[in-house]
Amino acid sequence: MAVRKLPAPSPRLGRWVLTLPSFLAGLFTLGLGIFLVYTIYSDRLNRSAQMEQDLLWQKQALQLQMGNTRHELESLAATLAANGLTSADFTARTLSLIQNTPELISLAYVDETGQTRWRTPLAPPDNEIPLSHRNLVAQRAAVLLNDEQIYSPPITDTSAGPVIALTSPVKLPFEGRHFLIAQFDLNRLLSQQVPWWIGQRYQISLLRADGSVLASKFDRRQDAAKLAQQIDLDIGPENLRLQARVYRETGTWKQNAMLGALVGLSLLMLVSTWVMRRHIRERQKTEALLRRETAMRMAMEDSLITGTRVMDLEGRLTYVNRAFCDMTGYSAEELLNHEQIMPYWPPDALETCLAINRRILAGETDSSGFQCTFQRRNGERFDVRIYAARLVDGEGQHIGWISSIYDITELQREREALQASHERFVTVLNGLDAAVVVSDAVSGELLLSNRQYQYEFNLPVQHERCCVIPFLPREQTAALPAEWFDDFAQRWYQIKTRPSIWVDGSLVWLEILTDITALKDAQQREQQQNEQLQQTSRLISMGEMASSLAHELNQPLAAIASYATGCRNLLGQAEPNLRQLDQAIEKMAEQAKRAGLIIRGIREFVQRRAPHRSACAMDQLLATVQVLLAAHVKKSNVKLHLDCDPLLPPVFADPVMLEQVLFNLMKNAIEAMHETPANQRQLQVLVARRDEMLQVTIADRGAGISAEQLEQLFKAFYTTKSTGMGMGLNICRSIIEHHHGRLWVEANPGGGTRFHFTVPLSEDSHAREP
Ligand code: ADP
């Protein structure tokens, strides 16, 4: 691959590389400094020692010179004292002395009064001190006193140079004391007695004890340095001191300049090392950043699942990423610098791949990419989509083409699977008998519908925007009615509707319309049959009880007949008793009314009519049923106990239907007690209020109902009776459930069975809903 990981230098080595030059530069500068200081110091030490030696030597030389002169003068004084000299001798001898002793300015032979007898030179030189000078006078007095040679203090207050005088006593045997006064010019002493090699090195001075300079010998071209040494000089009355001060060395400025240059260079080196170090540091930082970024880029490139390849302008591969290598199964080395035919091009698709390559090189970078098939090293094929773009370098130069390669095999597989799944879905959807439709909850736009929907509502297959159910106005939030009758097609539809979220996140309605016309018809037919059955059941019940009813009817009819006979007899009398006649007729009317009631009850009971619910009192319903069953009860020898409070609220029900329920249950109860001993045949009817309901309980002491029977009991046509139809209980449950009540059965404690049912009270507003 083209991008190589940058090698990271060892951090320890990096630190050393950074520190070592600075350290060495510092060390070098320090060493140089120490060397210079040491050199200067040792030079100073050497010079100081040399100066000490030279000074000592000079001191000795001066003292020796002065000592010699002193001895000469002493000897001259002694000769003078012995009076062995003439004036000419004196002059000759002193001239010779002065010539040999240049520092000696003059010699004067003075008597005790201070009068000069002889002198050399004859004319006093400019720098000579007059003998009348107080110092010299005082000196002579001191010589007289001590009778020995005495040096005067240096005399500097005259125009002449610093001078010292040596006064020697001339001890005349008889004439007292004369004096030999010699004057020395100190400047000349130094200029004569300091040799050239000392004079070249040092500025030599004579100092008073207080340090003030009396005389010096120095080279005017040279400057004196600070380095100086002094030494006491045993000449004269005062402690004169000899001082040597070294000259500044002539080559010093060069040395200093060189030294400065050296130090400067060292400092420059130090600074440049420091700058270099900073530079290296910044460079290292930048390199670290670069390394991090490169590593990051490499990590990114390596973790990409998209293949990336770069071709130069000739179509040579110059870069491939790991994903591309993984995709094709070839290593980067195998792929790079490949020209024209790539190893991952399938042999039979070379032309296609080549054409795509040519198009890319020609700059035809299709935004939707190119699709083709590649081949892995192991021969496996895979579909790819290639997106190419111009590759431009940092200077804006077009250097090649970069392509992103996506392995779309899986995608296509998924797409195909999705397509297949969609087709399956559409097939299932279109295979449904129900019409399915999805519509936008806001606009009502039809988003999806199946074939059944289009067929049912006769819509074109290529449906456009359209209302959902063509004949119903669609509202945003309201659900459609559960059942809908299409007036146009004269068909019933059951509509299941629920809100849902569509693929784009919008709110939609999903509706399933099932054609329930057939079901509705069946329901209608069933209802009709049911009604017929109920009527049949009522007819059968009446038929079964026909003999009892006939007997029941027979009684009022027989009574009417006997009353009619009685009336006739009365009318046959001469004076018929009208009152009795009236009573008999009234009785007849009563009996006729009773018979009429029985007949009307039977007719109403048997009559087929549509259910009609109203508020009805349970006690009255029971009274009617009691009349209908009265003969049956009597015949079966059953004791009937009715417990119904007339103050109970009315129920909301169809009275005839409820009468049929009461009739069926009571009739069953009576029939169940056929085998019961006569004295135990008790039929109890109990009515009580349970919340918003009235509960009616019909309890008998019959044979009871077995567990197996319980399961069958309410099924149609289940009967244990030879003449039974098996519809009674089934109809009862339908009627009670139609009235939103409940019918159930249980064993009667103490033997027999208990049937209960509930019916809503008429006050219940909900129960009034049809
Ligand atoms: P049918 O009276 O025509 O048989 P029903 O549906 O009224 O039809 O009753 C079905 C059966 O339930 C009866 O045949 C009877 O065996 C049983 N049955 C009904 N009421 C009672 C009861 N009170 N005690 C015992 N068995 C009963």
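Numbers here simply count residues along the sequence, with the first being 1. Atoms within a ligand are numbered from 1 in the order they appear, just like the ligands themselves.
Here is the list of ligand 1 atoms found below 4.0 Å of a heavy atom in Thr720: 13 (C), 14 (O), 15 (C), 16 (O). Close contacts of ligand 1 with Lys721, meaning ligand atoms under 4.0 Å from a residue heavy atom, involve 1 (P), 2 (O), 4 (O), 13 (C), 14 (O). Annotation for ligand 1: atoms under 4.0 Å from non-hydrogen atoms of Gln709 are 16 (O). Taking a cut-off of under 4.0 Å to the non-hydrogen atoms of Ile705, the atoms of ligand 1 that pass are 25 (C), 26 (N). Near Ala672, the atoms of ligand 1 lying under 4.0 angstrom from a non-hydrogen atom of the residue are 22 (C), 23 (N), 24 (N), 25 (C). Near Ala669, meaning under 4.0 Å from one of its heavy atoms, ligand 1 places the atoms 23 (N).
Expressed to the nearest 0.5 Å, how far CG of Asn668 lies from CD1 of Ile705 amounts to 8.5 Å.
Note that Arg491 lies outside the cation-pi zone of Phe485, set by a 6.0 Å cut-off to the ring centre and a 45° limit from the axis. Geometrically, Arg733 engages Phe714 in a cation-pi contact, judged by NZ or CZ lying under 6.0 Å from the ring centre and within 45° of the ring axis.
Between Phe755 and ligand 1, no N or O atom pair is found at a separation short of 3.5 Å. Looking at Thr719 next to ligand 1, an N or O pair under 3.5 Å apart turns up. Residue Gly704 has no N or O atom closer than 3.5 Å to an N or O atom of ligand 1.
Between the choices Leu713, Asp700, Ile670, Thr753, the shortest heavy-atom distance to atom 23 (N) of ligand 1 belongs to Asp700.
Residue Lys667 places no heavy atom under 4.0 Å from ligand 1. Heavy-atom separations between Gly726 and ligand 1 include at least one value shorter than 4.0 Å.
Residue pairs that meet the side chain to side chain donor-acceptor pair (under 3.5 Å) test with at least one member in residues 583-598, sequence neighbours left out, are Glu552-Arg594.
The closest side-chain heavy-atom distance from Leu694 to Leu761 is below 4.5 Å.
With a heavy-atom cut-off of 4.0 Å, Asn730 does not touch ligand 1 at all.
Phe757 pairs with exactly one of Thr697, Ile698, Ile735 by the side chain to side chain contact (heavy atoms under 4.5 Å, CB included) rule, that one being Ile698.
When only modelled atom types and interatomic distance are considered, Thr753 and Asn748 share no side-chain donor-acceptor pair under 3.5 Å. Side-chain contact of Gln682 with Arg701: a donor-acceptor pair under 3.5 Å is absent, judged by distance alone. A donor-acceptor contact under 3.5 angstrom links the side chains of Glu423 and Gln419, judged on distance only.
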